[in-house]
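What follows is a short report on a single structure.
Every value quoted in this text rests on a predicted model; they were computed, and no experiment measured them.
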Amino acid sequence: MDINALYNEWLEKATGDPDLKTELESIKGNDEEILDRFYRSLEFGTAGLRGVIGAGTNRMNIYTVGRATQGLSDFLNKNYENPSIAIGYDSRIKSEYFSREAASILAANGIKVYIYEELEPTPCLSFAIRYFKTSSGIILTASHNPAKYNGYKCYNPKGYQMTDEEAAETYDFIQKVDYFTGIKKVDFDEAVKEGKIEFIGQEVIDVFLDEVQKQCINPEIVKEADLKVIYTPLNGTGNKPVRAILDRIGIKKVYVVPEQENPDGNFPTCPFPNPEIKQVFEIGLEMNKNIGADILLATDPDCDRVGIAVPDKSGELVLMSGNEVGAMLLNYILSERKAKGTLPATAVAVKSFVSTDLAEVIAKKYNCTFKNLLTGFKYIGELITNLESEGRADDFVMGFEESYGYLAGTHARDKDAVVASMLICEMAAFYKSKGMNLVDVMNSLYDEFGYYGNVVQSYTFEGAAGMEKMAGIMDSLRADTPKEIAGLKVTAVSDYMSSETVFTDGSKEVIELPKSNVLAFALEGGNKMIVRPSGTEPKIKAYITAIGDSKESAKALSEKLIAAADEFMK
């Protein structure tokens, strides 16, 4: 591959977006900058495309989006008769632009397009696929990444992200498409007039909200609790639907952070619009000095994740982790549905295998079947779909991932911060009526089941050299498997790439899950470290479980395990 020849071709032909020409001109003669933009093409996988917005084959732009969409069109036309597709987008830079570009290409290829008339949460896209019974779905989003990123996620007809096989076949088609000569396209407005592209209106959102509202367990208590909520949509898609659902269930005192209320892909007050990070709550925390809220709520830009901060007895605000919220929600749903007699005898709950094991212990208390699946909400969506095919959709109670993604109900097949925001606020109102805040609730679970300290450490490796470094770290851990970590004996090593768990006595067990580039080290005492490269970011993540009889003992152990993970990443 001649990178300079590629650069010159783009300089000549990338005229569809003037921003690209300006950028390419600005890096002329800068070999390092040219290399970073052209050393590879953005890879298309089960998470679709994700990358920095800009010029080049390794960037998100109308040509990489167009090429992916033409390949997707070819895939759909091969596999479906009269294919159709739903499209959504978030508040990110160029998201609406890219979504309309994709719609124009799909329409040119004879595929009926349903596109939201304004930005909407990712779960609304999942809902629309099943509502319109489309062959596929696309949403333009980079979730909680910094402002310079955008992404393009593809869904299958069942409403969850493409499987490995579907993504691989689509990628085969994409690779055959020339960026500049291989893409069919019609005028967007003309296609709307001709009925090839149809806007999705408020009536569909209302049906989505109807389905979300059905998950409310204690509506009367919520109306009487007088809950005060500070909410930030982080300049994303959650503003309208989250406020609408909270209003529907009777939560009237919702104070929205004004600086973060309206859509803005630059995220001016939160460069990392991720509800896992304390910074996104800073303005809300300042607001709270005059409000005295019961809970602070933050949804990420595409509103599929939600984070919370709650005051403890002293009034100090505590940020609660995704694992803690997942455990509390599961306990609340199971306990209250059992009390009301609505919990199925064959109830099923599920989490990603890197999320807290506390959830599994809670589920056992209520005789709820528990499943651990690979990271990626598509696996939870697939489980719901399988239950549905068996006539057991109502058995699904809840699914979650430690990265602040939750789903109750079967209206979507992806994580949903609209239903999660509703249930979190309902839960806070319920316990408020009993004189407890959510910190009290979490401490009561730790008192009952033991303290599960869960930490996620992220290690960033940017650029071409970073990709090589990440691959080298995983190869090294496989070639020289540690016998102990932080002074704890390794009792088993699970390699999800080889689908095999090897125990210290030499015995082996097959892992009945899809292959994935993940290593899990089981440690004595039920402790754990899982090492996994991110599928969407230039990062390796270490998921650490440290179990203790107190917060202090678990924290001390987790710090030792973090230090060990740091050594692995050098």
Kindly list each side-chain donor-acceptor pair under 3.5 angstrom involving residues 368-375, sequence neighbours excluded, with atom names and distances?
{"from": "N372", "atom 1": "OD1", "to": "K351", "atom 2": "NZ", "distance (Å)": "2.6"}
{"from": "N372", "atom 1": "ND2", "to": "E360", "atom 2": "OE1", "distance (Å)": "3.1"}

Original post:
Which pair of heavy atoms, one from E117 and one from G201, lies closest together, and at what distance?
Top reply: OE2-CA, 3.4 Å
Original post:
Sequence neighbours excluded, which residues qualify as salt bridge (Lys or Arg N to Asp or Glu O under 4.0 Å) partners of K432?
Top reply: D294
**OP:** Establish, from distance only, whether the side-chain atoms of D395 and T346 form a donor-acceptor pair under 3.5 Å.
**Re:** yes
Subject >> Of all pairs that satisfy ring pair (Phe, Tyr, Trp, His ring centres under 6.0 Å), the ones with a partner from residues 114-133, not counting sequence neighbours >> reply: Y114-F132, F127-Y131, F127-F208
**OP:** Indicate the atoms forming the closest heavy-atom contact of R305 with S403, along with that distance.
**Re:** NH1-O, 2.8 Å
**OP:** Just jot down the ring pair (Phe, Tyr, Trp, His ring centres under 6.0 Å) partners of Y451, sequence neighbours excluded, or say none.
**Re:** Y446
Subject >> Donor + acceptor pair across side chains of D300, Y404 (<3.5 Å) >> reply: no
**OP:** Establish, from distance only, whether the side-chain atoms of Y89 and N150 form a donor-acceptor pair under 3.5 Å.
**Re:** no
Subject >> All ring pair (Phe, Tyr, Trp, His ring centres under 6.0 Å) counterparts of Y366, not counting sequence neighbours >> reply: none
**OP:** Would you tell me whether D312 and S314 have side-chain atoms, one donor and one acceptor, within less than 3.5 Å of each other?
**Re:** yes
**OP:** Measure across K378 and M162 and return the closest heavy-atom pair with its distance rounded to 0.1 Å.
**Re:** CD-O, 3.7 Å
Subject >> Listed once per pair and sorted, the ring pair (Phe, Tyr, Trp, His ring centres under 6.0 Å) pairs that draw on residues 216-245, sequence neighbours left out >> reply: none
**OP:** Would you check if there is a donor-acceptor pair between the side chains of N218 and K340 at a distance under 3.5 Å?
**Re:** yes
